[in-house]
Amino acid sequence: MDTVIRELQASPKLELYFEEIQRILQAEQIKRSEFYRIITPKDKAEFINGEIIFHSPVRLRHNRVGKLLLVLIDAYVRKHQLGYVGYEKLLISLTRNDYEPDICFFRRDVSQTFSPQQMRFPAPDFIVEILSDTTLKIDREIKFDDYAAHGVKEYWIIDPDAEIVEQYLLQDEEYMLLKKTDSGILKSEAIPGFTIPVRSMFDEQENLNALQALIGEEDGPENDHLSTE
């Protein structure tokens with residue numbers, strides 16, 4: 001982002017660019033207000049760079065992977081009272097865009113401020129997106145940049161066909177790939193103490209084994225989940 005701003009500052013057309021950007025954003029705000037007005041709980045929809053995008057139903061493999069991972073994260077977070085886990089139709093409203101990530105996590109000091117009737121939410125600490133043919137470019141490019149720009153600390157991208165997960169961590173406002181794997185152990189940085197076998201996202205029995213281990217464990221995260229940093 002700093003590079004783009006420096007390039008604009010160096011241009012004699014800076015004022016003209018600013019006027020055009022204002023015009024674009026004003027038009028987008030009108031369309032964004034319409035987006036909020038027309039969407040319903042039945043819709044799977046996002047507002048991305050000025051466009052309203054309605055998503056088609058997902059394939060079974062996509063749904064299964066999301067469900068298996070959601071069960072593990074939600075059980076662990078609820079057991080240790082770490083915060084709140086959202087899924088699918090929870091609307092994340094960022095500066096310009098609105099997203100409905102497959103899975104997201106808010107730490108406790110943030111989630112405690114939510115109200116039961118709330119419908120729009122701030123950037124979470126952790127997001128999972130499961131790739132599909134129609135969302136692959138958005139997940140890897142627009143959301144990748146936008147999540148990083150808004151401080152989402154950890155981003156997992158899952159390929160349900162190849163059964164591979166990519167784990168990205170935020171460093172200096174950019175995501176760095178920590179791990180890309182189809183096996184082994186995955187340890188979250190944004191969800192304190194959450195550690196699972198990669199195969200538990202793709203295999204029913206592995207998932208049950210991991211769930212039993214998470215629920216049955218006595219040792220959980222230390223008090224670091226109480227931090228407001």
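The first residue in the sequence is number 1, and the count goes up from there. No hydrogens, no waters, no symmetry mates; every other heavy atom, side chains included, goes into these values. Remember, predicted model here, so these are calculated numbers, not experimental data.
Panel note: side chain E129, backbone D139; no donor-acceptor pair is recorded below 3.5 Å. No side-chain donor-acceptor contact under 3.5 Å links D125 to the backbone of K153. Checked by atom type and distance alone, the side chain of K89 pairs as donor or acceptor with a backbone atom of P41 at under 3.5 Å.
Of the listed residues (L211, I185, L72, N207), just one forms a side chain to side chain contact (heavy atoms under 4.5 Å, CB included) with I196, and that residue is L72. For the ring-ring contact (aromatic ring centres under 6.0 Å, His included) with W156, the lone residue among Y147, Y168, F126 that qualifies is F126.
Expressed to the nearest 0.5 Å, how far CG of N97 lies from CD1 of I142 amounts to 7.0 Å. Rounding to the nearest 0.5 Å places CD1 of I157 at 10.0 Å from NZ of K143. Here the CG atom belonging to L68 is positioned 11.5 Å from the CD1 atom belonging to I73, to the nearest 0.5 angstrom. Rounding to the nearest 0.5 angstrom, the gap separating the CZ atom in F105 from the CG atom in L82 is 5.5 Å.
For the pair R120 and Y36, the cation sits on the ring face: its NZ or CZ lies under 6.0 Å from the ring centre, inside 45° of the axis.
No donor-acceptor contact under 3.5 angstrom links the side chains of T135 and H55, judged on distance only.
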request  = Show your working on side-chain contact (heavy atoms from CB on, under 4.5 Å) between I53 and F47 and close with a plain yes or no.
outcome  = CA-CA 6 Å; I53 299 176; F47 188 83; over 6 Å; no
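In this structure, Y175 is not a member of the same hydrophobic cluster as V165, with clusters built from ILVMFWY side-chain heavy atoms closer than 4.5 Å.
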